[in-house]
S.K.: 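Questions regarding the structure given below will be posed in turn.
Quick note: numbers below take in every heavy atom, side chains included, and nothing from hydrogens, waters or symmetry partners. Labels below follow one simple rule: chain letters A, B, ... track the order of the sequence lines, proteins then strands, and each chain is numbered from 1.
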There are 2 protein chains.
Amino acid sequence: MQRATRQRAAILELLKDSTQFLSAQQVHGALTSQDHAIALATVYRALQALTRAGELDVRYSGDGEHLYRRCTRSDPHHHLLCRHCGAAVDLPGIPLEQWVTRHAQKHGFTDVHTTVELDGECSSCAPSGG
Amino acid sequence: MQRATRQRAAILELLKDSTQFLSAQQVHGALTSQDHAIALATVYRALQALTRAGELDVRYSGDGEHLYRRCTRSDPHHHLLCRHCGAAVDLPGIPLEQWVTRHAQKHGFTDVHTTVELDGECSSCAPSGG
DNA sequence: GTCGATGCAAACAGTTTGCAACCAC
DNA sequence: GTGGTTGCAAACTGTTTGCATCGAC
């Protein structure tokens, strides 16, 4: 079972206040600069544990790192992520089940899992007309 | 411009014959065991160049590596990938544009790019009833 | 007191890069 | 001959792991 240590509390606190997806290194950097001494390995281990426990959503950044975000929604949904600042908004789940099932059957695939990733430029990062 | 070297020809040949997504290391391993001497770095560089040239599709494996597949289709489409053997089939593009645009606008996002990844068990890998 | 969590540093895996030799054009 | 390509090995980045210590329950 998971223990409520100072380090994990700090990580959850940080993620609770963030709408962004953050990398393990970003989490570590943020905590360190907030005077929360924590080892990078601890961040990785905690992030893994929390992900396994369903507390966090993970995404692949596209350049080699994983991004984490607190997300307690249990219903299917997607994240629209700003590729500049990492800001994310929740979007309702796309009703793809029928479409996926139909095509999966056609090709003999079973137990199909669908991942939808959306990324764009948020209003703060978009060039405002120039 | 790209030069038609022996190494790139071998890589393209290998990928042409494969319906699977392969990692750089798998490509290297396959070529090496086929008596095609080639350096791992060359595989990485060629794979990058070919991807940039639009000759290959890339996918993230979920455990730290990128997977490549030859794919000359230019129309939007998706890949349904077997998580055991890596076999992949092309699926037509899901008409998400309107849905995405509508939600993106609502949240002030522009230039939104959609990635749909499907993975399941192909008929060869699925437990056939036991 | 027990056993999971932490910190440190070394180990790892995948990938990239510097540089000289090489070869397609 | 020129300039992109290759091979090698070393460097890098993100991540994991071994082990002794620490601390939550």
S.K.: On DNA chain C, compare the nucleotides closest to B/Y68 and A/T42; which residue's is nearer the 5' end?
M.R.: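 Looking at DNA chain C, the more 5' nearest nucleotide goes with A/T42.
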
S.K.: If you find the nucleotide of DNA chain C closest to B/D63 and the one closest to B/A41, which residue's nucleotide is nearer the 5' end?
M.R.: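 The 5'-side residue here is B/D63.
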
S.K.: Once you round it to whole Å, what is the distance between P of C/dG14 and CG of B/L67?
M.R.: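 In whole Å, C/dG14 P lies 11 Å from B/L67 CG.
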
S.K.: Quick test of your reading: applying side chain to side chain donor-acceptor pair (under 3.5 Å), list the pairs with at least one residue in residues 86-100 of chain A, sequence neighbours left out, ordered by first then second residue.
M.R.: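 Found A/R69-A/D90, A/H79-A/D90.
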
S.K.: Given side chains that start at C-beta, do those of B/L56 and B/L15 come closer than 4.5 Å, heavy atoms only?
M.R.: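 Contact flag for B/L56/B/L15 side chains = yes.
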
S.K.: Per the side chain to side chain donor-acceptor pair (under 3.5 Å) rule, what does the pair list look like for residues 36-53 of chain B, sequence neighbours excluded?
M.R.: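 Listed once each, the pairs are B/Q25-B/Y44.
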
S.K.: So which heavy atom on A/V112 is nearest to which on A/A104, and how close?
M.R.: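 Of all heavy-atom pairs spanning A/V112 and A/A104, the closest is CG2-CB, 3.6 Å.
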
S.K.: How many whole angstroms separate atom OH of B/Y60 from atom C1' of C/dT15?
M.R.: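 Atom OH in B/Y60 sits about 13 Å away from atom C1' in C/dT15.
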
S.K.: Please report the distance, rounded to the nearest Å, between NE2 in B/H66 and C1' in D/dT13.
M.R.: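 For the pair B/H66 NE2 and D/dT13 C1', the rounded distance is 12 Å.
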
S.K.: Pick from B/Q26, B/R59, B/R70: which one makes a side chain to side chain contact (heavy atoms under 4.5 Å, CB included) with B/F21?
M.R.: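 Only one of B/Q26, B/R59, B/R70 forms a side chain to side chain contact (heavy atoms under 4.5 Å, CB included) with B/F21, namely B/R59.
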
S.K.: Please report the shortest heavy-atom distance between B/C122 and A/F109, naming the atom on each side.
M.R.: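 Closest heavy-atom pair between B/C122 and A/F109: CB-CZ, 3.6 Å.
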
S.K.: Residues of residues 44-53 of chain B with any non-hydrogen atom less than 4.0 angstrom from an atom of DNA chain C: list those, numerically ordered, please.
M.R.: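 Nucleic-acid contacts, sorted: B/Y44, B/R45, B/Q48.
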
S.K.: What's B/L40 touching, base or sugar-phosphate or nothing? Going by heavy atoms closer than 4.0 Å.
M.R.: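 Base: the residue B/L40, judged by heavy atoms under 4.0 Å, touches a nucleobase.
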
S.K.: Among residues two or more places apart or on two chains, list those pairs meeting side chain to side chain donor-acceptor pair (under 3.5 Å) that have a residue in residues 112-125 of chain A.
M.R.: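 For residues 112-125 of chain A, and leaving out neighbouring residues, the side chain to side chain donor-acceptor pair (under 3.5 Å) pairs sorted by first residue read A/R83-A/D119, A/H84-A/E121.
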
S.K.: Can you tell me if B/Q20 uses its side chain to pair, donor with acceptor, with the backbone of B/C85 under 3.5 Å?
M.R.: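 Checking the backbone N and O of B/C85 against the side chain of B/Q20, a donor-acceptor pair under 3.5 Å is found.
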
S.K.: Which ones in residues 7-34 of chain B lie close to DNA chain D, meaning a heavy atom under 4.0 Å from one of its atoms?
M.R.: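 DNA chain D contact set from residues 7-34 of chain B: B/Q7, B/R8.
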
S.K.: Report yes or no: does A/H78 contribute a side-chain atom to a donor-acceptor pair with the main-chain N or O of A/I94 at less than 3.5 Å?
M.R.: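 Yes: the side chain of A/H78 pairs with the backbone of A/I94.
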
S.K.: Grab the two heavy atoms, one from A/P92 and one from B/H103, that are nearest each other, plus how far apart they are.
M.R.: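 Minimum heavy-atom separation between A/P92 and B/H103: CG-CE1, 3.5 Å.
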
S.K.: Nucleotide by nucleotide, 5' to 3', does protein get under 4.0 Å of the base (B), only the sugar-phosphate (S), or neither (-) in nucleotides 20-25 of chain D, counting heavy atoms?
M.R.: ---BBS

S.K.: Just by modelled atom types, is the A/G29 backbone N or O under 3.5 Å from a matching donor or acceptor in the A/S33 side chain?
M.R.: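 At least one qualifying donor-acceptor pair exists.
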
